[in-house]
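This report refers to the structure that appears directly beneath it.
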Amino acid sequence: MDTQLLLNIMWTFLGATLVYFMQAGFAMVEAGFTRAKNSGNIIMKNMMDFVLGSIFFFLIGFGVMFGNDFNGIIGTSGFLNPTTLADAEGMINVGAWDGYTGLPIGVFLIFHTVFCATAATIVSGAMAERTKFSAYLVYSAAISVFIYPVTGHWIWGGGWLSQLGFHDFAGSTAVHMVGGICAFIGAKILGPRIGKYNADGSANGIPGHNIPIGALGVFILWFGWFGFNCGSTVEATTTIGDIAMTTNLAAAASTLVALIVTWIKYGKPDVSMTLNGSLAGLVAITAGCDAVSNYSALAIGAIAGVVVVFAIDFIDKVVKVDDPVGAVGVHGCCGLLGTILTGVFSPDVSVVTQLIGVGSVLVYVTILAIIIFTLINKTIGLRVNKEEEVDGLDLHEHGAPAYANFNLHRDR
Amino acid sequence: MDTQLLLNIMWTFLGATLVYFMQAGFAMVEAGFTRAKNSGNIIMKNMMDFVLGSIFFFLIGFGVMFGNDFNGIIGTSGFLNPTTLADAEGMINVGAWDGYTGLPIGVFLIFHTVFCATAATIVSGAMAERTKFSAYLVYSAAISVFIYPVTGHWIWGGGWLSQLGFHDFAGSTAVHMVGGICAFIGAKILGPRIGKYNADGSANGIPGHNIPIGALGVFILWFGWFGFNCGSTVEATTTIGDIAMTTNLAAAASTLVALIVTWIKYGKPDVSMTLNGSLAGLVAITAGCDAVSNYSALAIGAIAGVVVVFAIDFIDKVVKVDDPVGAVGVHGCCGLLGTILTGVFSPDVSVVTQLIGVGSVLVYVTILAIIIFTLINKTIGLRVNKEEEVDGLDLHEHGAPAYANFNLHRDR
Amino acid sequence: MDTQLLLNIMWTFLGATLVYFMQAGFAMVEAGFTRAKNSGNIIMKNMMDFVLGSIFFFLIGFGVMFGNDFNGIIGTSGFLNPTTLADAEGMINVGAWDGYTGLPIGVFLIFHTVFCATAATIVSGAMAERTKFSAYLVYSAAISVFIYPVTGHWIWGGGWLSQLGFHDFAGSTAVHMVGGICAFIGAKILGPRIGKYNADGSANGIPGHNIPIGALGVFILWFGWFGFNCGSTVEATTTIGDIAMTTNLAAAASTLVALIVTWIKYGKPDVSMTLNGSLAGLVAITAGCDAVSNYSALAIGAIAGVVVVFAIDFIDKVVKVDDPVGAVGVHGCCGLLGTILTGVFSPDVSVVTQLIGVGSVLVYVTILAIIIFTLINKTIGLRVNKEEEVDGLDLHEHGAPAYANFNLHRDR
Amino acid sequence: MKKLEIVIKPEKLEDLKAILDECNANGLMINNIMGYGNQKGYKQLYRGAEYKTNLLPKVKVETVVEDEVSENIIGKVVEQINTGNYGDGKIFVYEVQDAVRIRTGERGSEAL
Amino acid sequence: MKKLEIVIKPEKLEDLKAILDECNANGLMINNIMGYGNQKGYKQLYRGAEYKTNLLPKVKVETVVEDEVSENIIGKVVEQINTGNYGDGKIFVYEVQDAVRIRTGERGSEAL
Amino acid sequence: MKKLEIVIKPEKLEDLKAILDECNANGLMINNIMGYGNQKGYKQLYRGAEYKTNLLPKVKVETVVEDEVSENIIGKVVEQINTGNYGDGKIFVYEVQDAVRIRTGERGSEAL
Ligand SMILES: Nc1ncnc2c1ncn2[C@@H]1O[C@H](COP(=O)(O)OP(=O)(O)O)[C@@H](O)[C@H]1O
Ligand SMILES: Nc1ncnc2c1ncn2[C@@H]1O[C@H](COP(=O)(O)OP(=O)(O)O)[C@@H](O)[C@H]1O
Ligand SMILES: Nc1ncnc2c1ncn2[C@@H]1O[C@H](COP(=O)(O)OP(=O)(O)O)[C@@H](O)[C@H]1O
């Protein structure tokens, strides 16, 4: 048996497993940073994102992403049975990125399934506390079929962006920015939570109900990110540790800088915003974690730490899109930022190509997200009614409270 | 150094580590889905399951399971010092399953220790909120010595079922059904929680106190299950990804179907029951995850998703055995189901053999569990007194509340 | 490509990743075992420990620990750019311990970064609920520069203790005792929490606010410890499973013994103390996990299980240093204990050398910790004011409660 | 109109609700409180250190009823909630000057 | 001096606070309670088994005010908090014998 | 019989309990409430957006005592709980018509 192949399989599997676990991280972050009365609901949305992502990516998405390329735009084969995309030895070989060495189709499939589901699950946080459950399920299936795999094909499936040399190693754009844009469009169409904005347009803070589990979510995500970034080699290489270092340093720098920025800006170091800072650094380094030096990683992280705070503030107070957990700022803005900065900090990557890449993905995803969310809104309706929102989605959408034995009090 | 051997060791270790982490998952599920006043107690039971399992499986259980075979029924050597079961090179070689390539005794031991402890810990959930702590400790040691290793020997230790071609790849029967049956017997002998059944025999819902940590537990279990199923190759193979795919698709299908079934049956998608659905799919695919196609996995998951809801309902409302977390439905019923369905969906596995396997295990475990729980009940007594149950086990059995700073309210 | 090298890299990376995850474990243990009004703050301290540790260890600490040796006392090169410590092939080779085979600098760096951050984060628990956030940040940077890397150099960086044959495989002394001593000095200088001691000097119990997440933390730590201990081979070996077994058995024995001791001593099995017992066993076996037999591991664990309860009691009631989570007893006392017991139980390790090792580390760390904490205390001030402490650090230091929707009640 | 303030052990709440239903109490307000009376608290050990809880969880149920209903309820509570143990609880009776139904603006007995 | 005990739906709290501010109520005490009156509870299903909640979360706001302020508040509450639905809540009025400001020891109206 | 309703800062609870013990109050009921009086609330920032908390956590302690005990308690509370700051709290005094000990059915002063 070829040990290098076995090493590659083990490695890719390990990465996939860690990325799977990020689902738990998202669920905890989103539950912890929103209100207790919607906790069961947000957790169900996270769970169903993964479930529907797994099923629809298997049935259709994988073919769109890795099927036979049509003009660099879309994959066109492997539908309903993606294992037909393997060769006689059971190996997939889409030549997706340089030095890609081939893997059995199964491990390749599970690896890309968990990436797809990550993009989907980003959205639930931004749309939390007011989105109808059934409507959300439809969106969740749609992103796994119509959005993620298409731009995924461009970037990783041998499509036009990968041919152009666009560098998005582990998915700052392909996963995070895609999720972040969908989050923005969804939250925008949905409108803000009741009580979020005052009559004069000023924003109210609506504190999350369980900071410890929110923080646990961030730790889990950071942990999983080692799989996300290092696993994206999809082969055992000697560079694994280097990728882990850039990933870790960027996250550390971003956390520290976000802490300092909130401390200066708000007078006190803000807990949940600092935790957003950690994620911002992780998102930003994801595109170039294999291509930049440790010091560049520190710089990318530090920039992300500043940008994320101002971006979230801007979206909250100026754009007035209500994103309870800051998903747009973290994944959308820092995904875009990190992809571009890869061009700035890596000598081998062209800034222009990076700009073309993020621009085209931005346009495609924005259009598709607008279409999908508008269609859902016009048919099923995206939003729960006022009473359901006020009483909490757990009560009306699921019939049971998330914290049955606790005395809760209503916030605003 | 033989790299294939090192790969196998690393792989098996990785699997063991992930399976260990399932203990955290069980603890969170069981704590989250029961009441706040018993949280410290249920967590201690989970912890002690693993602790006693580790010690007693090392001292005795491993010898029973993998010691020299006596008539295909039981292992008879290696007691108190299981490392004596290794050959001169320190390798264990019980020829337990086809293509099994041998491993150093240490890694083999840790791998089987965590599996044994998984079976034990399933029971605590079904017996939650009313079982005396000391009595539970005795049971916990007993399953690791008298129950799990015996049927484990039949199935994986070279015993009569493995000779017969019984296929239980990662333990739908050997681990989950064994745990589920013990859970059923234990909960039955114990009787329902105060307030669970009304005078007219109808069942009351007793909501879990912390759905977010319960859900976290499910995510952790799903994560750990990649180690459980894929790790059960106990060697690095090219099929790892395929096993991950069947595992993941079955779980996804089962979650989705359970969601839909509860939606139709109860009018609203039930959160905790859907989360049970995830576990049901994982349990059901465990026996055949290496032997069925992706579509068969979807089918097995979908069937499990239906069965688990009806099974839990049936146990709750018709059999009237009070199983607070649904352990019997999930592990018992879906373990049995999945083992049989392996025969249905895999061309290489005989349904008849599968039926013989689950039947014989069912009989053995039922008898032993009845004996053990009855003995404990007659001596130490299985159940706390009324006042302890009403006030909560944390207060009386451990002297401190699990949520000291929170205002709790009593449920029924 | 040399597969053995790739195996070593993967292995070391896997270990590092699991050790990283221990940060989540510490955060949950420390948050869960302290009061709800300080949860956001303690979590921030844990997070910033890792962040500052990552940055300062990269910039300075790594050079101090693994730079060119000066008289066995300190490393003197690689500052600001630790990658300069690699050879032409990018491999580090400090000959730190026997049979050490060399690794690319990146993976070696990330591995040691997470170990350094573990030592730092131990301290936050002992100083919880009353330490000023800004002061804590300064301490956190200082330990990563002035304390951990120096004794780390002695033990693992080719310094005088490693030359002497001091055996501390995965860091009972290098990580845990170092952290535990800093914790003791910090808590001592800080003074007890308001309400901890009565006028007559007797100690009050101040229950932790969330035992389930505290317990989750312990499960996470145990999980991560497989990476901590087994990963410390920093190469793929056949002994990995043996190390996992000793680690697991010691932890199991210690948990069981701590349970029994509290049961006898206090009349009831204490939940949080038993969970401390698990950690005590893990800490104690860390030094000798590669060098002792399974039975010795059981013995080491059992001794640690007794010692940890009496040590925590002694520190609490006699020494009257207020350590809310028992960090000094667990990491300090059992780190010291385990290192010495390695000499007792392993034929190849000299007790005298072990005593010299722990003694010298004890002296150095005590002196440095006194200097650092005193300096901080005299300048920034270590402690929040009375009102901040009474109202909770979350409110005053961060401006937002950790559990916004819950009705909390004040404990004493 | 009288307000009855009935303090009982939490586990007796369902029984009390049944009594109030039976007596046609028009509404009730339930409060989770901590209290102590003749039944003094207890000491617990947390990690071996004492942790005094002289407070016990109690439920306080308030209901405003017509004067004649009041005695009826008191009688049934004393009869049915009584276990003979310390901690069974107490009832305090207050005069209510007025009641208002917010929905309609009705006042006095009408508003109950 | 009167004590007003105002029981409302939790989501009306901000509106009530505005009214009390306007009427110069000097202070208030807010309690999260469970209650029921004319608006009876509902049944929920948890895992398919019934889970009766005849209790609904309510907020009880107490304020002690001068007699003349009292009627003013009652009027505004009936006017503004009223949605016309069951469950809008009630106000109970009690006589207060005395008030004490702990900080100064002032008594009676002074202490409000 | 009088009911004293004593609203204080949570951190003063232990001191208050000591006073009540000393004065032989027979029992008490403790409620965690949110309140405001002269001590107005404060504003906090959560993620940079304002988050108004004009409510502060307070503890409300109720005790029903004989008339003569009442003044005794009031005196001690004013003396000992007083820190001279806004937010020290208030005491409200109500007439209690009757008390009942559920365990025995005793009424009036006997029941305290
Ligand atoms: N004088 C009192 N004032 C206020 N609350 C009281 C008083 N006496 C009793 N209570 C409340 O009633 C509860 C039950 O009283 P308890 O003394 O235990 O009843 P019993 O006298 O029947 O044993 C106490 O926990 C306390 O909250
Ligand atoms: N007679 C009463 N005694 C005590 N509390 C009452 C009484 N009537 C109503 N309440 C409280 O007021 C709340 C609102 O009353 P409700 O009957 O719903 O108002 P409405 O009559 O306008 O529908 C109830 O939930 C209950 O807590
Ligand atoms: N008139 C009132 N009615 C109801 N509660 C009041 C009233 N005045 C004060 N309180 C309660 O007492 C608490 C303390 O009052 P506060 O005004 O802060 O005391 P001080 O006047 O000594 O500063 C408040 O938070 C509030 O809950």
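Just so it is clear: chains get the letters A, B, ... in the order the sequence lines come, proteins before strands, and each one is counted from 1.
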Checklist entry - Going through the distances and angles, do Met29(D) and Asn31(E) end up as a side-chain contact (heavy atoms from CB on, under 4.5 Å)? => result CA-CA 10 Å; Met29(D) 303 184 271; Asn31(E) 241 295; over 6 Å; no
Checklist outcome for this item: One should read off an interatomic distance between Lys90(E) NZ and Asn26(D) CG, to the nearest 0.5 angstrom, of 5.5 Å
Item to check | Results of side-chain contact (heavy atoms from CB on, under 4.5 Å) for Asn24(E) - residues two or more places apart only | outcome: none
Item to check | Any residue of residues 93-112 of chain D which, by heavy atoms, sits under 4.5 Å from chain E | outcome: Glu95(D), Val96(D), Gln97(D), Asp98(D), Ala99(D), Val100(D), Arg101(D), Ile102(D), Arg103(D), Thr104(D), Gly105(D), Arg107(D), Ala111(D), Leu112(D)
Checklist outcome for this item: Max heavy-atom pairs within cutoff under 4.5 Å with chain D, candidates Asn85(E), Val7(E), Ile81(E), goes to Asn85(E)
Item to check | Qualifying residues under salt bridge (Lys or Arg N to Asp or Glu O under 4.0 Å), relative to Lys3(D), sequence neighbours excluded | outcome: Glu62(D), Glu5(E)
Checklist entry - Which residues from residues 66-80 of chain E are near chain D, with near meaning under 4.5 Å between non-hydrogen atoms? => result Glu71(E), Ile74(E), Val77(E), Val78(E)
Item to check | Contacting region of Ile6(E) [heavy-atom separation from chain D under 4.5 Å] | outcome: side chain
